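Just below is one structure, and these are the notes that go with it.
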Amino acid sequence: MDNDLLKSDKSGYQTKIDNIFIGGDAKRNAATAIIAISDGRRTAEEIIEKAKLNLDIPREINDKKVSKRDLIIKKAKRVAAPEIHETNPNDRQNFKLVSKTLDQETIVEEASRCLYCDELCNICTTVCPNFANYSYDIDPVRYELQKIEFDGKGSYKLEDDFVFEVKQTHQILNIANFCNECGNCNTFCPTNSAPYKEKPKVHITIDSFDNAPVGFYLEK
Ligand code: SF4
Ligand code: SF4
C-alpha cells in the first residue's frame, strides 16, 4: 500500500483513506507518551464529530488560576496517590484488565495532585545546600532594541537590532557569594539547565563582584 495514503492533515487525524485515523508516533514520528495519549483523545473527538454522535463529553479545561502562594504550598505537601485496584498476579494469564478503570472521583483526585511544574518549577531553590538560588517575579517585558553604527567617518546610523523578551513571570537568580558551584542544581533541574551558570549572577558585595568574570552588583 502507498504510505502516503496514511498521512493526515496537520490539524486532523483522518488519513486519506475514509474512516481510517492515525495518531501518536505513526503520525508524527517518535514523540512522548503524553502526546500519543492526547492524539488518542483528539482522534476520538474527531470520530465522534464525524459520526454526528450527540455525546455530552466534557471539553478540555485549561483554567488553572492558581496563585504563586498556592503553587508553593502544593509543592510543600506530599499527597499520596489513590490506591489502584489491580487483579491478583495469579489471575493474569488472560485478557482481563490488570488495573481497574478509575471512577470519575478518583481521576479528579489523582489529577489534583499535579504540581503545575509548568507554571512554577523552583526546584533549584530547594536543592541548593547554600540557598544560593532565589526565586523572584517580574512583569513580562518586550523591548525592540536598536543599535548605533558608526561609519568611521563621523556619521552614526541608528538600526534595529534584536528583540529582548522576558515571557515568564517567575524567574531565578543566583547569589554568587553563596554559590560554591557544586553543580547540585544542574543535577536536579528537569530541563537540564545549570542555573548557577545560566541565571543572572548577583553579587551582594563589591569584592565578590570585582573578582568575578561576570555578574551584577546593585548599590543604592
Ligand atoms: S551550584 Fe551553586 S546554586 Fe547550584 S546547588 Fe551548588 S551551591 Fe547551589
Ligand atoms: S533552572 Fe531548572 S530547576 Fe531552576 S526553576 Fe528553572 S527549570 Fe526549575
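We count ligands from 1, going down the list as the structure has it; atoms in each ligand are counted the same way. Computed from a predicted structure; not experimentally measured.
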Where is the nearest protein heavy atom to [atom]: which residue, which atom, and how far?
atom                    : result
atom 1 (S) of ligand 2  : Pro195 CG, 3.6 Å
atom 7 (S) of ligand 2  : Thr191 OG1, 3.5 Å
atom 3 (S) of ligand 2  : Cys124 N, 3.4 Å
atom 2 (Fe) of ligand 2 : Cys189 SG, 2.3 Å

With heavy atoms of [X] as the reference, note each atom of ligand 2 found under 4.0 Å away.
X      : answer
Lys199 : 1 (S)
Cys121 : 3 (S), 5 (S), 7 (S), 8 (Fe)
Asn122 : 5 (S), 8 (Fe)

Review point. Considering only heavy atoms of Asn174, which atoms of ligand 1 have at least one such atom less than 4.0 Å away?
Key: 3 (S)
**Study point:** Step-by-step side-chain contact (heavy atoms from CB on, under 4.5 Å) determination, Arg92 to Thr87
**Key:** CA-CA 7 Å; Arg92 292 194 185 172; Thr87 53; 3.5 Å; yes
Check your understanding: Between Tyr13 and Lys27, is there a cation-pi geometry (under 6.0 Å to ring centre, at most 45° from the normal)?
Key -> yes
Point to revise | Row check, Phe216 ring normal vs Lys201 NZ/CZ: under 6.0 Å, within 45° | key: no
Review point. Considering residues at least two apart in sequence or located in another chain, which fulfil the ring-ring contact (aromatic ring centres under 6.0 Å, His included) criterion with Phe150?
Key: Tyr156
**Study point:** Protein N/O/S count near atom 6 (Fe) of ligand 1 (criterion: distance under 2.8 Å)
**Key:** 1
Review point. Hey, are Arg42 and Asp39 close enough for a salt bridge, meaning a charged N less than 4.0 Å from a carboxylate O?
Key: no
Exercise for review: Indicate whether any N or O donor in one side chain lies under 3.5 Å from an N or O acceptor in the other, for Asp103 and Thr106.
Suggested key: yes
Check your understanding: Going by heavy atoms in the side chains, are Ile206 and Tyr217 under 4.5 Å from each other?
Key -> yes
Exercise for review: Measure up the His203 and Phe209 rings against each other and bin them: parallel (under 30°), tilted (30 to 60°), perpendicular (over 60°).
Suggested key: perpendicular
Using a 3.5 Å cut-off and no angle test, enumerate the donor-acceptor pairs between side-chain atoms of residues 15-22 and protein atoms at least two apart in sequence or in another chain.
unit_1, atom_1, unit_2, atom_2, d
Thr15, OG1, Ile17, N, 3.2
Thr15, OG1, Ile17, O, 3.2
Thr15, OG1, Ile20, O, 2.7
Asp18, OD1, Gln14, NE2, 3.4
Asp18, OD1, Lys50, NZ, 2.8
Asn19, OD1, Lys50, NZ, 2.6

Give the table of side-chain donor-acceptor pairs shorter than 3.5 Å for residues 129-137, with sequence neighbours excluded, one pair per line with atom names and distance.
unit_1, atom_1, unit_2, atom_2, d
Asn130, ND2, Phe178, O, 3.2
Asn133, OD1, Asn174, ND2, 3.0
Asn133, ND2, Cys124, O, 3.2
Ser135, OG, Lys68, NZ, 3.2
Ser135, OG, Asn122, ND2, 3.3
Asp137, OD1, Lys68, NZ, 3.0
Asp137, OD1, His170, ND1, 2.9

